Participant: 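Before I ask anything, let me first share the structure, which is written out below as structure tokens.
Computed from a predicted structure; not experimentally measured. Numbering starts at 1 and runs along the sequence shown.
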Amino acid sequence: DVQLQASGGGLVQRGGSLRLSCAASGLMFDDYDIGWFRQAPGKEREGVSWISSSNGRKDYADSVKGRFTISSDNTKNTVDLQMNSLKLEDTAVYYCAARESRLDGGIYKRVSEYPYWGRGTLVTVSS
């Protein structure tokens with residue numbers, strides 16, 4: 001079974017940093033594209049950052065570009081999300097998700113394209 005677990009969330013002040021980690025079992029990141037998504041209270045789940053397994057291509061939502069960095073360590077089977085300069089609006093439950101790669105180097109951003117989801121980790125940014 002594919003299992004994903006996001007960790008690293010917590011309470012941080014505005015302008016601070018957190019590093020989230022997504023650990024996986026039952027799959028190898030070499031063969032799966034990974035996405036980070038978040039869901040704030042009362043809002044729909046939205047994409048934050050994505051990484052393609054076939055070529056390491058990365059992309060970010062406009063709202064986090066320049067502040068968040070996604071990285072993968074295939075030896076550890078983890079994908080991290082470094083979040084800097086956090087804003088109040090970054091407060092949400094963050095989820096990592098996986099999909100089998102088409103090995104086409106594409107970035108797949110939609111929630112519906114990811115069949116495997118882990119439990120989320122809560123990030124709260126305070127003023």
Participant: Please find the pair of heavy atoms, one from Lys109 and one from Phe37, that lie closest to each other, and give the distance.
Facilitator: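 Distance-wise, the nearest heavy atoms are O-CE2, 3.4 Å.
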Participant: Output side-chain donor-acceptor pairs under 3.5 Å for residues 11-20, partner residues at least two apart or in another chain, one line each.
Facilitator:
from  : atom 1 : to    : atom 2 : distance (Å)
Ser17 : OG     : Asn84 : OD1    : 2.9
Arg19 : NE     : Asp80 : OD2    : 3.1
Arg19 : NH1    : Gln82 : OE1    : 2.9
Arg19 : NH2    : Asp80 : OD2    : 3.3

Participant: Would you call Asp62 and Lys65 a salt bridge, taking side-chain N to carboxylate O under 4.0 Å as the test?
Facilitator: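 Judged by the 4.0 Å cut-off on N to carboxylate O distance, Asp62 and Lys65 do form a salt bridge.
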Participant: As a quick check of understanding, evaluate side-chain contact (heavy atoms from CB on, under 4.5 Å) for Cys96 and Val79, giving each step before the final call.
Facilitator: CA-CA 9 Å; Cys96 60; Val79 174; over 6 Å; no
Participant: Which atom pair, heavy atoms only, marks the closest approach of Asp90 to Tyr94?
Facilitator: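 Heavy atoms of Asp90 and Tyr94 come nearest at O-OH, 2.6 Å.
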Participant: Hydrophobic clusters here meaning ILVMFWY residues chained together by side-chain heavy-atom distances under 4.5 Å, can you tell me if Val93 and Tyr116 are in one?
Facilitator: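 Different hydrophobic clusters.
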Participant: For the side-chain hydrogen bond (donor to acceptor under 3.5 Å, both in side chains) test, which of Arg57, Arg102, Arg99 pairs with Asp33?
Facilitator: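 Going through Arg57, Arg102, Arg99 one by one, the side-chain hydrogen bond (donor to acceptor under 3.5 Å, both in side chains) with Asp33 is satisfied by Arg99 alone.
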Participant: Grab the two heavy atoms, one from Leu4 and one from Ala24, that are nearest each other, plus how far apart they are.
Facilitator: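 Looks like CD2-CB, 3.5 Å.
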Participant: Would you compute the distance between atom CG of Leu122 and atom OG1 of Thr91 and round it to the nearest 0.5 angstrom?
Facilitator: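 It is 8.0 Å, given to the nearest 0.5 Å.
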Participant: Write down the atom of Pro115, the atom of Ala98, and the distance for their closest heavy-atom approach.
Facilitator: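 So the two residues come closest at CD-O, 3.3 Å.
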Participant: Could you give the distance from CZ (Arg119) to CD (Gln5), rounded to the nearest 0.5 Å?
Facilitator: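 Going from the CZ atom of Arg119 to the CD atom of Gln5 covers 7.0 Å.
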Participant: Between Ile34 and Ser72, is any pair of side-chain heavy atoms under 4.5 Å apart?
Facilitator: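 The answer is no; the side chains never approach within 4.5 Å.
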Participant: Is it the case that atom CD in Gln3 sees more than 12 heavy atoms from other parts of the structure closer than 6.0 Å?
Facilitator: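 Count not over threshold, so no.
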Participant: Mind checking whether Val111 and Tyr114 sit in one hydrophobic cluster, side chains of I, L, V, M, F, W, Y counted as touching below 4.5 Å?
Facilitator: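 Yes, because Val111 and Tyr114 connect within a single hydrophobic cluster, where side-chain heavy atoms sit under 4.5 Å apart.
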Participant: Kindly indicate whether the side chain of Arg38, heavy atoms from C-beta on, has any atom under 4.5 Å from the side chain of Glu46.
Facilitator: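 Yes; the side chains approach each other to less than 4.5 Å.
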Participant: Considering only heavy atoms from C-beta outward, does the side chain of Trp50 approach that of Tyr108 to under 4.5 Å?
Facilitator: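 When only atoms from C-beta onward are counted, Tyr108 and Trp50 do not touch, as no gap falls below 4.5 Å.
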Participant: Search all heavy atoms of Ala92 against all heavy atoms of Ala40 and return the closest pair with its distance.
Facilitator: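 Residues Ala92 and Ala40, closest heavy atoms: CB-N, 3.8 Å.
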Participant: Given 3.5 Å as the limit, does a donor-acceptor pair link the side chain of Ser54 with the main chain of Gly105, or not?
Facilitator: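 A pair under 3.5 Å: yes.
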Participant: Spell out, yes or no, whether Ile70 and Leu27 are grouped together once hydrophobic residues are joined by side-chain heavy atoms under 4.5 Å, including indirect joins.
Facilitator: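 Both belong to a single hydrophobic cluster.
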Participant: To check you understand the geometry: which heavy-atom pair defines the closest contact between Ser127 and Leu88, and what is its length?
Facilitator: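 Heavy atoms of Ser127 and Leu88 come nearest at N-CD2, 3.7 Å.
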Participant: Rounded at 0.5 Å granularity, tell me how far CD1 in Ile51 sits from OG in Ser101.
Facilitator: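 Here the rounded value is 11.0 Å.
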Participant: With hydrophobic residues grouped by side-chain heavy-atom distances under 4.5 Å, do Val123 and Leu81 end up in a single group?
Facilitator: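 They do share one cluster, since a chain of ILVMFWY contacts under 4.5 Å joins Val123 to Leu81.
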Participant: Between SG of Cys22 and CH2 of Trp117, what distance do you get to the nearest 0.5 Å?
Facilitator: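 That separation rounds to 10.5 Å.
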Participant: Taking C-beta and beyond as the side chain, do Lys58 and Tyr60 meet within less than 4.5 Å on heavy atoms?
Facilitator: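 Answer yes - side chains close enough.
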Participant: Restricting to pairs with a member in residues 22-32, which pass side-chain hydrogen bond (donor to acceptor under 3.5 Å, both in side chains), not counting sequence neighbours?
Facilitator: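 Passing the test, one end in residues 22-32: Asp30-Asn74.
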Participant: For residues Trp36 and Phe68, establish whether the separation of their ring centroids is below 6.0 Å.
Facilitator: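 So the answer is no for these two rings.
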